[in-house]
Amino acid sequence: VAFVVCRSLEGLKTFSYLEELILDNNLLGNDLLLPRLPHLHTLTLNKNQISFQRNTCKILLDHLAEVVPSLQYLSLLGNMACPNELVCKEKDEDDYQRYRYFVLHKLTNLKFLDTRKVTRWEREEALVRGAFMKVVKPKDTKVGA
């Protein structure tokens, strides 16, 4: 297990056989770039600054799919991209489930996302609808004046 405290991840390229990486609480955003780590199976990015802004999370997930092909466990808890009804009253369990479908659509080898095991049903839903599941809710609009 490696712990990285700085924002530059350039030095990780020398650890090509790295299997687990904990990058919690590092102020990392959607611009996170990892070197190719073909043996990495566990990545935690909890409590960083990853969000669903302007397709940048899609780009990050595509990047992870490319550089960490063996990834089986990913945790994004505590990021804006990971909806949590305990932290934000506007989010609910449906938001979290849509987020899971979207991530699983991009990272098809995941066995665990956050603290939950990926179910066969979720994987099937992610294949069919995951590309359309970005967590976006319409704002309430007041009618009349």
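Since we're looking at a predicted model, the values are computed, not measured.
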Could you pull out all residues at least two apart from [X] that satisfy side-chain hydrogen bond (donor to acceptor under 3.5 Å, both in side chains)?
X	value
Asn30	Thr56
Asp62	Lys58, Lys106
Thr42	none

Listed partners of [X] passing side chain to side chain contact (heavy atoms under 4.5 Å, CB included), at least two apart:
X	value
Leu60	Leu32, Ile50, Leu64
Thr119	Trp121, Glu122
Arg120	Glu124
Ser70	none

Check: Can you list the residues that meet the ring pair (Phe, Tyr, Trp, His ring centres under 6.0 Å) rule with His39, with sequence neighbours excluded?
Finding: Tyr17
What's the shortest heavy-atom distance between [X] and [Y], and which atoms?
X	Y	answer
Ala81	Cys57	CB-SG, 4.3 Å
Met80	Ser51	CB-CB, 3.9 Å
Asp24	Asn26	O-ND2, 2.9 Å

Answer yes or no: is there a donor N or O on one side and an acceptor on the other, between the side chain of [X] and the main chain of [Y], under 3.5 Å?
X	Y	result
His63	Leu33	no
Arg36	Glu66	yes
Asn79	Gln49	yes

Note to self: One pair to check against side-chain contact (heavy atoms from CB on, under 4.5 Å): Arg100 and Arg116. What are the steps and the verdict?
What the structure shows: CA-CA 10 Å; Arg100 285 180 66 84; Arg116 288 197 219 164; 3.5 Å; yes
Check: Would Ile22 and Leu45 count as a side-chain contact (heavy atoms from CB on, under 4.5 Å) if you check the C-alpha gap in whole Å, the side-chain angles of each, and the deciding distance to 0.1 Å?
Finding: CA-CA 7 Å; Ile22 299 169; Leu45 292 164; over 6 Å; no
Margin query: Let's go through Asn46 and Leu76 carefully: what are the C-alpha distance in whole Å and the side-chain angles of both, what is the deciding distance for side-chain contact (heavy atoms from CB on, under 4.5 Å) to 0.1 Å, and is it a yes or a no?
Written below: CA-CA 5 Å; Asn46 299 318; Leu76 295 170; 5.5 Å; no
Could you measure the distance from the [atom1] atom of [X] to the [atom2] atom of [Y]? Nearest 0.5 Å is fine.
X	Y	atom1	atom2	value
Ser75	Phe112	OG	CZ	12.0 Å
Gln97	Tyr101	CD	OH	4.0 Å
Leu127	Thr108	CG	OG1	7.5 Å
Leu107	Leu110	CG	CG	5.0 Å
Leu74	Asp114	CG	CG	7.0 Å
His41	Glu20	NE2	CD	5.0 Å

Just wondering, do [Y] and [X] contact through their side chains at under 4.5 Å, heavy atoms?
X	Y	result
Leu37	Val67	no
Lys117	Tyr73	no
Arg123	Val118	yes
Ile59	Asp31	no

Margin query: Between Tyr96 and Tyr99, is the ring centroid distance below 6.0 Å?
Written below: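 Ring centres of Tyr99 and Tyr96 closer than 6.0 Å.
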Next item on the list: Kindly state each residue pair satisfying salt bridge (charged side-chain N to carboxylate O under 4.0 Å, His left out) with at least one member in residues 73-84, sequence neighbours excluded.
Entry: none
Note to self: Could you go through Thr44 and Leu23, starting from their C-alpha distance and side-chain angles, then the distance that decides it, and tell me whether this counts as side-chain contact (heavy atoms from CB on, under 4.5 Å)?
What the structure shows: CA-CA 6 Å; Thr44 66; Leu23 293 170; 5.9 Å; no
Note to self: Which residues end up grouped with Leu77 if you chain together Ile, Leu, Val, Met, Phe, Trp and Tyr wherever their side-chain heavy atoms are less than 4.5 Å apart?
What the structure shows: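 None, because no other hydrophobic side chain comes under 4.5 Å of this residue.
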Check: What residues form a salt bridge (Lys or Arg N to Asp or Glu O under 4.0 Å) with Lys111, not counting sequence neighbours?
Finding: none
